[in-house]
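Here is the structure we will look at, set down as structure tokens.
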Amino acid sequence: MAEHSQAGTDVTTSVQPAADCDRLGFLLARHGRIMNVRLRQALGVTGLGPRHAATLMRLAREGATSQQNLIEVLATDASALVTILNDLEDGRLVQRRRDPADRRRHIVEITRRGASAVRSVERAVAEVEQDAVTSLSEAEVSQLQMLLSRLHSRQSEAECDSD
């Protein structure tokens, strides 16, 4: 950008435009895409995508639960979860059964094969996470995780990601 001095000659001034790529939204989107690619690559050895892996990990941690509860804790819609569960059931990683107390409800539980897959998933995810945070201290990693968990997003995961 040029300005005119009092003598009428051009003087070049350096004006730094706002670096849009440094805006929080762009940084989160960029790093989200990078982590998504890295997770997909790492999970490739398990044959699972991120949403399948997250569902299995949740079931491993919480045990048998209702399909409705999974919809809520995974913040996904029913049709997306059904697709994920169908895939996991086809791979014999989970099983669904009717709740004897309420035949309208499905109970979902992880199988032994699913539990074994979770161990592979956890190793793959741990490697990706470790690589991503090598320049951060343990306290910074904890703070980052806490801050990201508090972020509010209005879009459901199903609207943002196809797995």
Side-chain angles (χ1 to χ4, degrees), residues 23-136 138-163:
R23 295 289 308 254
L24 180 59
F26 288 113
L27 283 169
L28 287 170
R30 178 175 179 267
H31 288 287
R33 284 190 307 274
I34 291 167
M35 289 301 292
N36 193 3
V37 167
R38 287 182 180 171
L39 279 173
R40 285 179 185 281
Q41 289 170 341
L43 290 171
V45 298
T46 68
L48 299 170
R51 295 190 321 164
H52 291 79
T55 302
L56 266 185
M57 290 175 75
R58 176 64 70 162
L59 286 168
R61 191 170 47 248
E62 292 187 7
T65 188
S66 73
Q67 199 164 304
Q68 183 60 43
N69 184 54
L70 281 175
I71 290 168
E72 293 166 11
V73 297
L74 295 172
T76 191
D77 65 46
S79 63
L81 182 65
V82 167
T83 300
I84 290 167
L85 293 177
N86 286 344
D87 293 343
L88 293 174
E89 204 167 35
D90 289 346
R92 298 190 327 261
L93 302 172
V94 302
Q95 65 182 18
R96 285 180 280 194
R97 59 183 163 77
R98 295 279 181 190
D99 183 344
D102 182 350
R103 303 284 301 155
R104 296 169 295 176
R105 282 180 12 141
H106 281 98
I107 301 297
V108 183
E109 60 188 328
I110 194 166
T111 63
R112 284 186 194 185
R113 185 176 181 157
S116 177
V118 166
R119 289 189 289 279
S120 296
V121 165
E122 287 175 342
R123 282 191 300 274
V125 171
E127 284 180 28
V128 170
E129 288 175 350
Q130 185 58 42
D131 184 54
V133 299
T134 56
S135 64
L136 301 178
E138 201 172 304
E140 289 171 323
V141 171
S142 293
Q143 183 180 26
L144 176 62
Q145 188 168 7
M146 183 270 304
L147 291 170
L148 288 172
S149 70
R150 289 179 39 201
L151 280 181
H152 177 69
S153 176
R154 292 176 198 236
Q155 299 300 116
S156 73
E157 185 176 326
E159 293 175 89
C160 299
D161 187 37
S162 61
D163 199 319

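On a predicted model such as this, the values are computed, not experimentally measured, just so you know. Position 1 is the first residue of the sequence; numbering continues from there.
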Can you tell me how far the [atom1] atom of [X] sits from the [atom2] atom of [Y], to the nearest 0.5 Å?
{"X": "Leu88", "Y": "Gln95", "atom1": "CG", "atom2": "CD", "value": "12.5 Å"}
{"X": "Leu48", "Y": "Arg40", "atom1": "CG", "atom2": "CZ", "value": "11.5 Å"}
{"X": "Gln68", "Y": "Ile107", "atom1": "CD", "atom2": "CD1", "value": "11.5 Å"}
{"X": "Leu148", "Y": "Gln143", "atom1": "CG", "atom2": "CD", "value": "10.5 Å"}

Quick check: closest heavy atoms across [X] and [Y], and the distance to 0.1 Å?
{"X": "Ile110", "Y": "Ala60", "result": "CD1-CB, 4.0 Å"}
{"X": "Ala117", "Y": "Leu56", "result": "CB-CD1, 4.1 Å"}
{"X": "Ala124", "Y": "Ala42", "result": "CB-O, 3.6 Å"}
{"X": "Leu74", "Y": "Ala54", "result": "CD2-O, 4.3 Å"}
{"X": "Asp131", "Y": "Arg38", "result": "OD2-NH1, 3.7 Å"}

Got a sec, which pairs hit salt bridge (Lys or Arg N to Asp or Glu O under 4.0 Å) with one end in residues 41-50, sequence neighbours left out?
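Residue pairs passing salt bridge (Lys or Arg N to Asp or Glu O under 4.0 Å), neighbours aside: none found.
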Tell me which pairs pass salt bridge (Lys or Arg N to Asp or Glu O under 4.0 Å) where either residue lies in residues 105-123, with sequence neighbours left out.
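Of all non-adjacent pairs touching residues 105-123, those that pass salt bridge (Lys or Arg N to Asp or Glu O under 4.0 Å) are Arg97-Glu109, Asp99-Arg105.
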Does atom [atom1] of [X] have more than 12 heavy-atom neighbours from other groups under 6.0 Å away?
{"X": "Arg150", "atom1": "CZ", "answer": "no"}
{"X": "Arg96", "atom1": "CZ", "answer": "yes"}
{"X": "Glu72", "atom1": "CD", "answer": "yes"}

For the pair Leu43 and Val128, evaluate side chain to side chain contact (heavy atoms under 4.5 Å, CB included) and give the outcome as yes or no after the intermediate values.
CA-CA 10 Å; Leu43 290 171; Val128 170; over 6 Å; no
pair Glu89-Val108: side-chain heavy atoms closer than 4.5 Å
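Side chain of Glu89 against side chain of Val108, heavy atoms only: no contact under 4.5 Å found.
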With a 4.5 Å limit on heavy-atom distance, are the side chains of Thr55 and Thr76 in contact?
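No, side chains not in contact.
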Where the side chain of Thr111 meets the backbone of Leu93, is there a donor-acceptor pair that is under 3.5 Å apart?
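It does hold such a pair.
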Walk me through it: do Glu62 and Asn69 pass the test side chain to side chain contact (heavy atoms under 4.5 Å, CB included)?
CA-CA 11 Å; Glu62 292 187 7; Asn69 184 54; 3.7 Å; yes
Checking Glu140 now: which residues fulfil salt bridge (Lys or Arg N to Asp or Glu O under 4.0 Å) with it, not counting sequence neighbours?
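Result, salt bridge (Lys or Arg N to Asp or Glu O under 4.0 Å) vs Glu140: none returned.
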Between Leu70 and Leu59, is the side chain to side chain contact (heavy atoms under 4.5 Å, CB included) condition met? List the steps.
CA-CA 9 Å; Leu70 281 175; Leu59 286 168; 4.0 Å; yes
